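What you are looking at is a predicted structure, and each value in this text was computed from that prediction instead of being measured. In what follows, chains carry the letters A, B, and so on, assigned in the order in which the sequence lines appear, proteins first and then strands, with residues in each chain numbered from 1. Just so it is clear, the values below take in all heavy atoms, side chains as well, and ignore hydrogens, waters and symmetry mates.
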Protein chains: 2
Amino acid sequence: MPETTYSISDLASEFGVTTRTIRFYEEKGLIHPRREGQKRVYSPADRVRIKLILRGKRIGMSLRESVEVIDLYDPEHNNEEQLNSLINTVREKRARLLQQKKDIDEMLGGLDEVEALCEQALDDNHRSQR
Amino acid sequence: MPETTYSISDLASEFGVTTRTIRFYEEKGLIHPRREGQKRVYSPADRVRIKLILRGKRIGMSLRESVEVIDLYDPEHNNEEQLNSLINTVREKRARLLQQKKDIDEMLGGLDEVEALCEQALDDNHRSQR
DNA sequence: GATCAAGTTTACGTTTACGTAAACGTATGC
DNA sequence: GCATACGTTTACGTAAACGTAAACTTGATC
């Protein structure tokens, strides 16, 4: 099967980051692209990892934290103790995400008010000019 | 009217930050507490500003950006041009917040899956031990 | 009046997440 | 055969958001 691959600039332009950023993620051990000679070759799995890292970034996660979340997916957890601690981790992450959603909703509410006030002010201006 | 006031450590402990953090916000011009002699005295308005700044932080905003959002509230915007640019700012902020909500929901979905898998694995272990 | 607790200024240190520049390799089109 | 685009390593720089330490005031308390 002809597995799709990506160059570093493919991914950089797809995600709107610089190649420096992607190399930096590799330095930090977040991704491990193959090499063909000198050049880095990225797999679809690498691509997804980058995507998830950037998703984490958008909601204010550190790189370390994003990777922590991503690594929840791969099942290197066998025994009961590990599974339980994993469940706890999941619940903590979830709690924080729910708090973030609340924060966002509050802020959205504020923006709605501001916009309404603006539109009313514009409207008033127009009326008074007639 | 006896306006409520707060000491720096009042606010620090209320919000779970250090006094250094609050002084830092002042250095950056984010808040402007009164002085009584040497000491800083915070008003309810100061308190709210800090609260909003920290809310912004939780969803990954920079201090500068949080202040930008906060400052949308105070009406120093008179003419039509300013009002329109303000509305645009509001819409951009809103777009980003909606994207963040999507990101969070996706991540929550992932966490749900992980937790379900964990619980199933635990369940399987228990069954096989009977 | 000595000893705290809480506050102050000044200043240097630290972590994160890249930016930027130098100096070099490689292959592709004209 | 040489420019040009794309890639590489190495390394120093930087902005944001505080931490940490030193050295000092200032009431409150025993």
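- Look at A:Y25 and you won't find any side-chain N or O under 4.0 angstrom from OP1 or OP2 of C:dA17.
- Put simply, A:T19 has no side-chain N or O that comes within less than 4.0 Å of OP1 or OP2 on D:dG7.
- Nucleic acid contact for B:K57: sugar-phosphate only, since backbone atoms but no base atoms lie under 4.0 Å from a heavy atom of the residue.
- B:S7 comes within 4.0 angstrom of the backbone, heavy atoms only, and of no base.
- Ion pairing of A:R35 with A:E26 is present here, as a side-chain N (NZ or NE/NH1/NH2) and a carboxylate O approach within less than 4.0 Å.
- Checking the phosphate oxygens (OP1, OP2) of C:dC18, no side-chain nitrogen or oxygen of A:T18 falls inside 4.0 Å.
- Using a 4.5 Å heavy-atom cutoff, the side chains of A:I59 and B:Q99 are not in contact.
- Using a 4.5 Å heavy-atom threshold, the side chains of B:V48 and B:I70 count as separate.
- Regarding contacts with the backbone of C:dG7, every side-chain N or O of B:R40 stays at 4.0 angstrom or more from both OP1 and OP2.
- Phosphate contact (OP1/OP2 of D:dG19, side-chain N/O of B:T21, threshold under 4.0 Å): present.
- Between B:N88 and B:S85, the side chains place no donor N or O within less than 3.5 Å of an acceptor N or O (distance only, hydrogens not considered).
- With hydrogens and angles ignored, a donor-acceptor pair closer than 3.5 Å exists between the side chain of A:R20 and the base of C:dT20.
- Between A:R23 and the phosphate of C:dA17, there is no side-chain N or O to OP1/OP2 separation shorter than 4.0 Å.
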